[in-house]
Amino acid sequence: MATKLTYLEDFDVVTCDAKVESIHTTEDNRTDIVLDETCFYPRGGGQDWDTGIISNNSGAKFQVEEVRLDESGVVHHIGTYQSGELKVDDKVKCSVDIERREINTRLHSAGHLVDMVVERLRLPWVAGKGAHYPHMSFVEYDAEITPEEAEAIKKDIEKVANEIIAKGSHNEIRFMPVSEMHTVCKHVPENIPTNKPARVVLYDETFGIPCGGTHVKDVHDIGRITISKIKSKKGITKVSYAVEGIN
Ligand SMILES: [Zn+2]
């Protein structure tokens, strides 16, 4: 059965209570724990997985090193024991490493903010893939521009993005059928995963994002953004960015 994803429900869910459903040994001799629900974000959508601790009240402590979502919507918490051992049916407490989560959330939100600015600047670009890792943060668009245009747009995106960040916002989480997403989202991807609830995060009350990742509650929390590079090649324009204090 699919794992209930508690981090989807609110912006700052970093702990939850859960029950152990199954425990397996992985090929590399680590332990793979499946719970009935989890606040750990699995890698996906260009955002990295959470790390943290799963513990019970008899002293077992499991270090979550890697989190994966499988095709059935089951989340696998892969890692090693620091003390004791967990058993199937154990009641456990999940605690996400807040510092790492915050970095991933700010980087991921910064990528969506770039999308929002692209729309505000009325650039006719369609967003493609993105990566929001500390060592590599970019968003790709289906567009081709000249190096001169790239230089001008780089400055514009950075300026408008930092204006939006300085002003702040009230972001909101909504769940809705995929068929209704177009009412708040300009682009609804055709490949929205069906193994997660259809979720839209509304930035600044106007910009709807179909996304199951973790997001800042207010764009102000992203911190200052720098557009480090815009490169256009073979119909793809790649906007690389950095967030102050992270990368
Ligand atoms: Zn996203």
Side-chain angles (χ1 to χ4, degrees), residues 3 5-14 38-50 67-69 73 75 96 100-120 123 125-142 157 161 164-165 169-178 180-223 225 227 236-243 246-247:
T3 312
L5 311 174
T6 63
Y7 61 81
L8 288 174
E9 292 157 14
D10 209 343
F11 291 101
D12 38 25
V13 178
V14 285
T38 190
C39 53
F40 284 92
Y41 183 74
R43 182 180 279 178
Q47 183 184 332
D48 211 353
W49 58 62
D50 285 330
V67 187
R68 297 280 190 182
L69 178 75
V75 175
V96 166
R100 178 181 163 105
R101 160 72 74 83
E102 194 197 285
I103 287 172
N104 290 341
T105 299
R106 287 170 57 206
L107 283 175
H108 171 232
S109 297
H112 285 297
L113 180 67
V114 170
D115 286 343
M116 185 168 157
V117 174
V118 162
E119 192 187 280
R120 293 229 174 141
L123 296 168
W125 298 0
V126 179
K129 62 174 193 204
H132 318 292
Y133 304 107
H135 65 283
M136 180 178 63
S137 310
F138 68 83
V139 193
E140 281 185 352
Y141 297 92
D142 197 353
I157 293 180
I164 296 171
I165 288 168
S169 68
H170 297 287
N171 299 347
E172 195 195 320
I173 292 171
R174 288 192 195 165
F175 292 91
M176 63 182 70
V178 176
E180 282 175 25
M181 283 185 170
H182 68 274
T183 58
V184 285
C185 306
K186 198 172 171 207
H187 297 291
V188 181
E190 281 164 24
N191 58 345
I192 290 189
T194 49
N195 63 351
K196 295 184 191 180
R199 174 191 193 233
V200 169
V201 182
L202 208 56
Y203 275 41
D204 204 19
E205 292 164 32
T206 52
F207 186 71
I209 303 161
C211 181
T214 67
H215 296 255
V216 293
K217 198 186 281 185
D218 184 314
V219 289
H220 191 75
D221 299 337
I222 293 172
I225 183 172
I227 304 300
I236 301 285
T237 295
K238 182 176 177 176
V239 179
S240 301
Y241 62 89
V243 170
I246 300 181
N247 55 3

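Only a predicted model underlies this, so the values are computations on that prediction, with no experimental measurement involved. Just so you know, ligand 1 is whichever comes first in the structure, and atom 1 is the first atom listed for that ligand.
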- Query: Are there more than 12 heavy atoms of other residues, nucleotides or ligands under 6.0 Å from atom NE2 of His170?
  - Reply: no
- Task: Give the intermediate values and the outcome of side chain to side chain donor-acceptor pair (under 3.5 Å) for residues Asp115 and Tyr141.
- Result: CA-CA 9 Å; Asp115 286 343; Tyr141 297 92; 2.4 Å; yes
- Which pair of non-hydrogen atoms, one from Thr214 and one from Ser109, has the smallest distance, and what is that distance? O-OG, 4.2 Å
- Item | the Zn ion (ligand 1) - number of protein N/O/S atoms closer than 2.8 Å | 3
- Query: Can you list the steps and then say if Asp204 with Thr206 is a side chain to side chain donor-acceptor pair (under 3.5 Å)?
  - Reply: CA-CA 5 Å; Asp204 204 19; Thr206 52; 4.8 Å; no
- Task: Test side chain to side chain contact (heavy atoms under 4.5 Å, CB included) on Leu8 and Ile173 and set out the steps.
- Result: CA-CA 8 Å; Leu8 288 174; Ile173 292 171; over 6 Å; no
- Listed by chain and number, what are the ring-ring contact (aromatic ring centres under 6.0 Å, His included) partners of Trp49, not counting sequence neighbours? none
